[in-house]
Amino acid sequence: MKVLFIQPRYPDTFWSLRHALRFISKKAVYPPLGLMTVSAMTPESWTKKLVDLNASFLKDEQIKWADMVFISAMSVQSESVFEIITRCRAFNKIMVAGGPLFTEEPEKFDDVDHLVLNEAEITFPLFLADLKKGRAKHMYQTDEFADLSLTPVPDYLLINNSHYASQSIQFSRGCPFNCEFCDITALLG
């Protein structure tokens, strides 16, 4: 199985810091930790590539190469997500999507083959098991929260570290606050 992980582009907002990154000769602030973690959960026999649209461009050849395309995104990346979906559909690629955008509004993504929502540590193994049996469902959800001590180390082999201004380490999820502008507590507790 050949899998292409695609990190959608952040628009020129607080999230991208695109103009400031030029001063330090970097292409993006952080690597796509979620996709790198999901990659670490895939079978070792799979061939994997990652394209971060904040650090490089997506080429048609990359899409054609893949058997499946995985996307993860936040709401701010919606425009880029719809462009990716359109391009992948043009090549009849199987798409798997997860992350906050898809978890919050799954009804907007009926054209995505498989939605693996909420906590990937819980829902992704279910998807993989069904995929192996040839009967993967459209949507996988949970209301449980993941035990981060069981989360694998992200697959750092997929990225070029020199493209990023910083690295991050995930040591918790959720938030003790309930700010009205934020979806973290709704998604992660």
Side-chain angles (χ1 to χ4, degrees), residues 2-42 46-66 68-91 93-106 108-109 111-112 114-117 120 124 151-173 175 181-184 187-188:
K2 295 182 289 188
V3 176
L4 180 63
F5 295 94
I6 303 175
Q7 173 72 5
R9 185 174 174 86
Y10 288 105
D12 284 335
T13 65
F14 167 80
W15 297 104
S16 71
L17 296 173
R18 186 161 294 116
H19 304 290
L21 289 168
R22 292 180 187 148
F23 294 116
I24 58 171
S25 299
K26 300 296 178 184
K27 296 181 178 190
V29 179
Y30 299 110
L33 194 62
L35 285 172
M36 293 162 49
T37 301
V38 170
S39 173
M41 297 169 66
T42 62
W46 288 14
T47 304
K48 302 171 272 189
K49 294 181 182 178
L50 185 143
V51 176
D52 181 350
L53 297 183
N54 302 288
S56 63
F57 296 99
L58 178 61
K59 299 172 186 155
D60 286 348
E61 297 78 36
Q62 292 168 312
I63 299 171
K64 289 177 187 176
W65 167 86
M68 290 176 40
V69 175
F70 286 64
I71 310 167
S72 180
M74 296 190 295
S75 298
V76 71
Q77 296 168 294
S78 293
E79 184 178 333
S80 182
V81 165
F82 287 113
E83 291 170 5
I84 293 165
I85 291 171
T86 300
R87 289 183 67 188
C88 290
R89 277 285 159 239
F91 294 108
K93 293 301 169 178
I94 296 170
M95 288 183 289
V96 180
L101 172 64
F102 303 98
T103 298
E104 288 177 344
E105 301 178 298
K108 288 187 175 181
F109 300 99
D111 53 347
V112 171
H114 308 288
L115 297 170
V116 182
L117 309 177
F124 192 61
T151 301
V153 174
D155 187 353
Y156 285 96
L157 297 174
L158 291 177
I159 63 164
N160 180 339
N161 282 316
S162 69
H163 290 174
Y164 300 97
S166 186
Q167 294 286 339
S168 56
I169 298 172
Q170 182 172 226
F171 60 89
S172 71
R173 285 196 189 137
C175 180
F181 60 85
C182 185
D183 62 0
I184 291 176
L187 292 170
L188 303 171

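- Counting heavy atoms from C-beta outward, Leu58 and Leu4 have side chains that approach closer than 4.5 Å.
- Tyr156 is linked by a side-chain contact (heavy atoms from CB on, under 4.5 Å) to Leu33, Met36, Val153, Pro154, Ile159, Gln167, counting only residues two or more places apart in sequence or in another chain.
- The CH2 atom of Trp65 sits 9.5 Å away from the NZ atom of Lys93 when rounded to the nearest 0.5 Å.
- Considering CG of Leu50 and CD of Gln62, their distance stands at 10.0 Å, rounded to 0.5 Å.
- With sequence neighbours left out, Thr42 forms a side chain to side chain donor-acceptor pair (under 3.5 Å) with Lys48.
- Contact annotation: the side chain of Leu53 approaches that of Ser80 to within less than 4.5 Å [non-hydrogen atoms, C-beta and beyond].
- Residues passing the side chain to side chain donor-acceptor pair (under 3.5 Å) test with Glu79: none are found, sequence neighbours excluded.
- When every heavy atom of Ala165 is checked against every heavy atom of Ile24, the shortest pair comes out as CB-CD1, 3.7 Å.
- Residue Trp46 holds its CH2 atom at 13.5 Å from NZ of Lys2, rounded to the nearest 0.5 Å.
- Here the closest non-hydrogen pair linking Met68 and Val96 is CE-CG2, 3.4 Å.
- You'll find the side chain of Arg87 reaches within 4.5 Å of the side chain of Asp60, heavy atoms only.
- Closest approach of Val112 to Leu115, counting heavy atoms only: CG1-CD2, 3.9 Å.
- Looking at Phe70 and Val116, their side chains never come closer than 4.5 Å, going by heavy atoms from C-beta outward.
- Atoms CZ and CZ, from Arg9 and Phe57 in turn, are 7.0 Å apart once rounded to the nearest 0.5 Å.
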Derivation of the side-chain contact (heavy atoms from CB on, under 4.5 Å) call for Met95 and Arg89: CA-CA 9 Å; Met95 288 183 289; Arg89 277 285 159 239; 3.6 Å; yes
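- Applying the side chain to side chain donor-acceptor pair (under 3.5 Å) rule to Ser162 yields the partners Asn160; only residues at least two apart in sequence or on another chain are considered.
- Here Lys108 pairs with Glu105 under the side chain to side chain donor-acceptor pair (under 3.5 Å) rule; sequence neighbours left out.
- Pro100 approaches Met74 most closely through the heavy-atom pair CG-CG, 4.0 Å.
- In terms of heavy-atom proximity, Gln7 sits nearest to Pro32 at OE1-CB, 3.4 Å.
- Taken to the nearest 0.5 Å, the OG atom of Ser56 stands 6.5 Å off from the CG atom of Asp52.
- With a 4.5 Å cut-off on side-chain heavy atoms, Pro106 and Leu117 count as touching.
- Put simply, the side chain of Leu101 reaches to within 4.5 Å of the side chain of Ser78, judged on heavy atoms.
- By the 4.5 Å heavy-atom criterion applied to side chains, Ile85 and Ile71 are counted as neighbours.
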Verdict with reasoning, Asn54 to Val29, per side-chain contact (heavy atoms from CB on, under 4.5 Å): CA-CA 9 Å; Asn54 302 288; Val29 179; over 6 Å; no
Trace of the side-chain contact (heavy atoms from CB on, under 4.5 Å) decision for Phe109 with Val81: CA-CA 10 Å; Phe109 300 99; Val81 165; 4.0 Å; yes
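- For Ile169, the side-chain contact (heavy atoms from CB on, under 4.5 Å) criterion is met by no residue, not counting sequence neighbours.
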Chi angles and distances behind the side-chain contact (heavy atoms from CB on, under 4.5 Å) call for Val69, Phe91: CA-CA 11 Å; Val69 175; Phe91 294 108; over 6 Å; no
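- Gly99 and Ser72 make their closest contact through CA-OG, 3.7 Å (heavy atoms, listed as atom of the first residue, atom of the second, distance).
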